[in-house]
Number of protein chains: 2
Amino acid sequence: METIGFSKHDHHACIEEGLAAVEATCRRDGLQFTPQRRRVLEILLQEHRAMGAYEILDKLRAEGMGAQPPVAYRALDFLVGNGFAHKIERLNAFIACAHPGARHKPAFLICRKCDSVAEASSDAALKAMTETVSDTGFQIDRMMIEALGICPNCAGAEAT
Amino acid sequence: METIGFSKHDHHACIEEGLAAVEATCRRDGLQFTPQRRRVLEILLQEHRAMGAYEILDKLRAEGMGAQPPVAYRALDFLVGNGFAHKIERLNAFIACAHPGARHKPAFLICRKCDSVAEASSDAALKAMTETVSDTGFQIDRMMIEALGICPNCAGAEAT
DNA sequence: TTGCTGTTGATATGATATAACAACCGATAT
DNA sequence: ATATCGGTTGTTATATCATATCAACAGCAA
């Protein structure tokens with residue numbers, strides 16, 4: 001067990017499960033889960049944090065898997081486009097989806113001390129926003145929520 | 001009257017009022033509302049849309065007001081830092097605050113047809129998110145909400 | 001005067017992201 | 001077998017967004 005993100009978990013299993021879930025979804029939907037795409041997702045799952053595209057690219061490069069920016073961005077486009085990873089706009093960074101397979105509308109909790117990112121549900125907030133804007137005529141299709149704050153780990157560290 | 005954003009309004013007056021409100025706040029808080037900063041805010045108010053930093057810089061350049069990126073970014077940092085303008089992360093762009101002076105927690109409504117941006121209150125959504133994450137131990141300091149969708153104007157145009 | 005703080009000017013560089021086009025590969029139609 | 005078509009990959013080049021750094025200067029206070 002390792003402590004990454006906001007809670008302890010079996011990280012090895014979480015990587016395996018993440019890959020397996022995406023593999024299954026791709027098979028079901030006729031999507032090509034190519035070695036590059038698989039490797040990028042694997043990297044994101046292993047690191048378990050938001051990573052810049054160039055940071056990912058460096059890893060690919062080290063493995064001889066394509067050295068140019070488009071390689072990383074294409075794989076990320078695929079992963080993000082299909083909900084297997086998310087882009088954190090605030091950080092210009094990407095993170096593996098914590099609930100692959102499950103249809104969900106994530107909000108992100110970003111720790112401003114350690115930059116760790118957790119996924120939360122945005123369902124309630126989306127409902128609230130929908131009500132807030134109901135009289136403007138604006139029709140919400142998708143919502144990006146990124147909350148900045150202090151994660152439990154860093155809050156504990158501060159209190160020390 | 002012109003139609004900009006989601007509703008008709010007296011745009012000339014809205015620029016005047018915006019500048020006046022910021023001027024007053026700066027005087028009150030001892031902030032230096034320098035010509036550069038003023039001009040950048042004025043540009044944002046005039047255009048009344050989200051603008052990239054380099055787009056603003058081009059305008060400054062044309063007026064002989066400093067031609068290097070830091071000029072624009074410094075002014076924008078000041079404006080954003082003091083709540084006189086907002087950064088739209090999704091667009092890597094900046095927009096004048098629609099309610100300068102008023103303390104508020106804006107959410108942004110971004111039209112995916114015309115890229116226009118409106119401000120809405122995020123109060124209800126913030127409350128909802130706070131409840132959603134209450135059991136995680138994450139403490140939310142600030143929240144970024146950017147909703148993508150269709151603005152009333154474009155919805156009307158589509159229906160045609 | 002000196003020193004301090006905040007702003008501006010300018011050069012350079014870093015970081016993030018995409019355009020464009022050729023090559024390839026597997027599936028399928030002829 | 002071979003043409004061709006969609007999707008993926010390889011590669012070069014470039015576009016776009018943002019900051020580090022340091023010198024100059026202006027206002028103000030000790």
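First the proteins, then the strands, lettered A, B, ... as listed; each starts at 1. Values below: every heavy atom of this structure, side chains too, minus hydrogens, waters and symmetry copies.
- Taking the 5.5 Å centre cut-off and the 30° plane limit, the aromatic side chain of A/Tyr54 is classed as stacked on C/dT16.
- In this structure, B/Leu60 atom CG and C/dA10 atom P are separated by 14 Å, rounded to whole Å.
- The existence of a salt bridge linking B/Glu119 and B/Lys105 is excluded, since no basic side-chain nitrogen approaches an acidic carboxylate oxygen closer than 4.0 Å.
- For the pair A/Gln68 CD and D/dT9 P, the computed distance is 15 Å after rounding to whole Å.
- Distance CZ (A/Phe94) to C1' (C/dT16): 9 Å, rounded to an integer number of Å.
- Salt bridge status for B/Glu131 with B/Lys127: present, with a side-chain N to carboxylate O gap under 4.0 Å.
- Contact annotation: side chain of A/Arg74 to base of D/dG7, donor-acceptor pair absent below 3.5 Å.
- Of the two residues near DNA chain D, B/Glu55 and A/Ala67, the one whose nearest nucleotide lies more 5' is A/Ala67.
- Atom CG in A/Asn92 sits roughly 14 Å away from atom C1' in D/dT19 (whole-Å rounding).
- With C/dT8, C/dA19, D/dG7 as the choices, the nucleotide that has an atom nearest any side-chain atom of A/Pro70 turns out to be C/dA19.
- In summary, the side chains of A/Gln46 and A/His11 do not present any donor paired with an acceptor at a separation below 3.5 Å, with no hydrogens or angles considered.
- Candidate nucleotides D/dT11, C/dA17, D/dT8 were compared by shortest atom distance to the side chain of A/Val71, and D/dT11 ranks first.
- The side chain of A/Tyr73 has C/dA17 as its nearest neighbour among C/dG6, C/dA17, D/dT11.
- For the pair B/Gly66 and A/Glu89, nearest-nucleotide mapping onto DNA chain C gives the more 5' position to B/Gly66.
- Spacing between atom CZ of A/Phe78 and atom C1' of C/dA17 amounts to 20 Å, rounded to whole angstrom units.
- Below 30°, between 30° and 60°, or above 60°: for B/Phe33 and B/Phe78 the angle between ring planes is below 30°, a parallel geometry.
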Trace of the ring-ring contact (aromatic ring centres under 6.0 Å, His included) decision for A/Phe108 with A/His86: CA-CA 10 Å; A/Phe108 301 100; A/His86 305 293; 5.2 Å; yes

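- For B/Gln36, taking side-chain heavy atoms from C-beta onward, the closest of the listed nucleotides D/dT11, C/dA17, C/dT8 is C/dT8.
- Considering only the side chain of B/Pro69, D/dA18 comes nearest among C/dT16, D/dA18, D/dT11.
- When the P atom of D/dA20 is taken as reference, atom CG of B/Asp77 falls 10 Å away, rounded to whole Å.
- A close approach under 4.0 Å does occur between a side-chain nitrogen or oxygen of A/Lys87 and OP1 or OP2 of C/dA17.
- Counting to the nearest Å, the C1' atom of D/dA18 and the CG atom of B/Leu57 are 12 Å from each other.
- Atom CE in B/Met51 sits roughly 14 Å away from atom P in D/dA18 (whole-Å rounding).
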